[in-house]
Amino acid sequence: MPGGRLTQPERQQIALGLADSLPYAEIARRLGRPTSTVTREVMRNGGPTAYRADLAHRATERRARRRRPAPSRAAESVALPHGRDAEAVAEYEESFTTVLMTSGLPKMAARVLTCLSTTDSGSLTASQLAQRLQVSPASISKAIAFLESQSLVRRERDERRRDRYVVDDELFYQATIASARANDQLVETARQGVAILGSHTPAAARLENIARFLDFISESIIRAAGQAREILHTRPATTSNDTARVSARRR
């Protein structure tokens, strides 16, 4: 039942798969589940090294019980713009957050970035983020500080002089450039080691190769990002397949 909740035996199979160092895709294939379901399950319950089937099952039951007494909130969430399906959007946001976490973002930073990215305006205040994510302002502040340090959001003032946090068309370009530039310090440090360890030694040769590799990768990324930058400002054309999918959903 790929669309239903995971059962306790399935969670035990996930735990066994993780113990055997199986990739998420293989665990999902054995369960007959989407890979995103397994990835989300593991990341929500301690990650691959701390996942425990029984604890995950109990945590899911607790979350389900907490959600039941709030029908009014569920009813409010149905009224989404552009005729969006509230349940589908919530599932997508959870999947997007999980993918961001597997790429290295802390959980709250991933939730904030997902919230901003899936908002049509791409801009929210700290209080709006706290309200949407049902967390404290302090949690938002800490997450924003991390995202700003990674060039993943920018801050601007609105007409009421409130700070707004923004993701825009330049988001991934700026983040990609910042990530590539982060290699520069490692390249410089590796080359310092070449001089200290002796340029004709095996250790020095290893460090020089690391420096050359990272130099090449950084330059390639920066060049490719510059060439592809225009894509971020281009509105994708609607394909015939997209139109067919929209029509099928309306029927």
Side-chain angles (χ1 to χ4, degrees), residues 36 39-40 43-45 47 63 66-67 70 72-185 218 221-222 224-226 228-236:
S36 60
T39 304
R40 186 165 59 247
M43 296 305 296
R44 289 183 71 180
N45 295 284
R63 285 194 292 267
R66 285 201 301 268
R67 282 196 291 265
S72 59
R73 186 178 169 192
E76 288 177 8
S77 68
V78 174
L80 295 181
H82 307 293
R84 292 168 180 153
D85 182 295
E87 186 176 350
V89 170
E91 284 288 326
Y92 173 74
E93 288 175 345
E94 193 170 344
S95 295
F96 192 18
T97 298
T98 300
V99 170
L100 291 174
M101 289 168 62
T102 59
S103 72
L105 288 187
K107 183 175 181 178
M108 186 51 62
R111 292 187 68 198
V112 168
L113 186 55
T114 295
C115 191
L116 288 168
S117 298
T118 55
T119 303
D120 285 320
S121 66
S123 169
L124 293 168
T125 64
S127 61
Q128 288 171 331
L129 284 165
Q131 183 178 10
R132 285 170 180 252
L133 298 176
Q134 296 293 293
V135 296
S136 69
S139 297
I140 297 297
S141 178
K142 184 176 180 180
I144 287 292
F146 177 85
L147 292 170
E148 285 185 310
S149 75
Q150 303 298 308
S151 300
L152 288 170
V153 299
R154 63 181 174 82
R155 185 190 306 245
E156 62 181 32
R157 286 289 182 94
D158 64 15
E159 66 280 358
R160 296 171 59 184
R161 301 190 60 78
R162 297 175 305 179
D163 281 340
R164 298 190 71 87
Y165 305 104
V166 181
V167 295
D168 56 22
D169 292 336
E170 287 285 286
L171 165 68
F172 277 99
Y173 173 77
Q174 297 296 343
T176 299
I177 297 300
S179 177
R181 292 298 186 198
N183 283 332
D184 292 348
Q185 184 64 46
S218 294
I221 289 173
I222 292 169
R229 190 176 187 178
E230 187 177 346
I231 293 173
L232 294 170
H233 302 274
T234 304
R235 188 175 183 84

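Just so it is clear, the model here is predicted, and its values are computed rather than measured.
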Determine the minimum heavy-atom distance between Arg132 and Cys115, stating which atoms define it. CD-SG, 3.7 Å
Walk me through whether Val99 and Thr39 qualify under side-chain contact (heavy atoms from CB on, under 4.5 Å). CA-CA 8 Å; Val99 170; Thr39 304; 5.8 Å; no
Given Asp184 and Arg181, is the side-chain contact (heavy atoms from CB on, under 4.5 Å) satisfied, shown in steps? CA-CA 5 Å; Asp184 292 348; Arg181 292 298 186 198; 3.6 Å; yes
Spacing of CG belonging to Leu116 relative to CG belonging to Leu129, to within rounding of 0.5 Å: 5.0 Å
Please examine the side chains of Asp163 and Arg157, heavy atoms only from C-beta on, and report whether any two atoms are closer than 4.5 Å. yes
Salt-bridged, Arg154 to Glu170, with N to O below 4.0 Å? no
Among residues at least two apart in sequence or on other chains, which ones pass side-chain hydrogen bond (donor to acceptor under 3.5 Å, both in side chains) with Ser95? Arg40
Can you tell me if Glu87 has over 12 outside heavy atoms packed within less than 6.0 Å of its CD? no
Distance (rounded to the nearest 0.5 Å) between Glu91 CD and Asp85 CG: 10.0 Å
Between the CD atom in Gln134 and the OG atom in Ser139, the distance rounded to the nearest 0.5 Å is 12.0 Å
Can you tell if the side chain of Val135 reaches within under 4.5 Å of the side chain of Ile140, non-hydrogen atoms only? yes
Is there a side-chain contact (heavy atoms from CB on, under 4.5 Å) between Met43 and Thr97 once you walk through the steps? CA-CA 10 Å; Met43 296 305 296; Thr97 298; over 6 Å; no
Step by step, would you call Arg111 with Glu93 a salt bridge (charged side-chain N to carboxylate O under 4.0 Å, His left out)? CA-CA 8 Å; Arg111 292 187 68 198; Glu93 288 175 345; over 6 Å; no
State the CZ-OG distance between Arg162 and Ser127, to the nearest 0.5 angstrom. 6.5 Å
Given Arg164 and Thr125, is the side-chain hydrogen bond (donor to acceptor under 3.5 Å, both in side chains) satisfied, shown in steps? CA-CA 4 Å; Arg164 298 190 71 87; Thr125 64; 5.2 Å; no
Criterion side-chain hydrogen bond (donor to acceptor under 3.5 Å, both in side chains) on Thr114 and Ser117, from CA distance to verdict: CA-CA 5 Å; Thr114 295; Ser117 298; over 6 Å; no
Which pairs, with at least one residue in residues 117-158 and sequence neighbours excluded, count as a ring-ring contact (aromatic ring centres under 6.0 Å, His included)? none
Roughly how far, to the nearest 0.5 Å, is OG1 of Thr98 from NZ of Lys107? 8.5 Å
Could you check if a side-chain atom of Tyr92 sits within less than 4.5 angstrom of a side-chain atom of Thr118, using non-hydrogen atoms only? yes
Using a 3.5 Å distance criterion without hydrogens, assess whether the side chain of Ser121 forms a donor-acceptor pair with backbone atoms of Ser123. yes
If you apply the rule side-chain contact (heavy atoms from CB on, under 4.5 Å), what do you find for Val112 with Leu133, and how did you get there? CA-CA 8 Å; Val112 168; Leu133 298 176; 3.8 Å; yes
Check whether any side-chain heavy atom of Lys142 lies under 4.5 Å from a side-chain heavy atom of Met108, and answer yes or no. no
Which heavy atom of Ala180 sits nearest to which heavy atom of Ile222, and what is that distance? CB-CG1, 3.8 Å
Distance from Leu152 atom CG to Leu113 atom CG, nearest 0.5 Å? 6.0 Å
Using every non-hydrogen atom in the two residues, find where Glu230 and Thr234 come nearest and quote the distance to one decimal. O-OG1, 2.9 Å
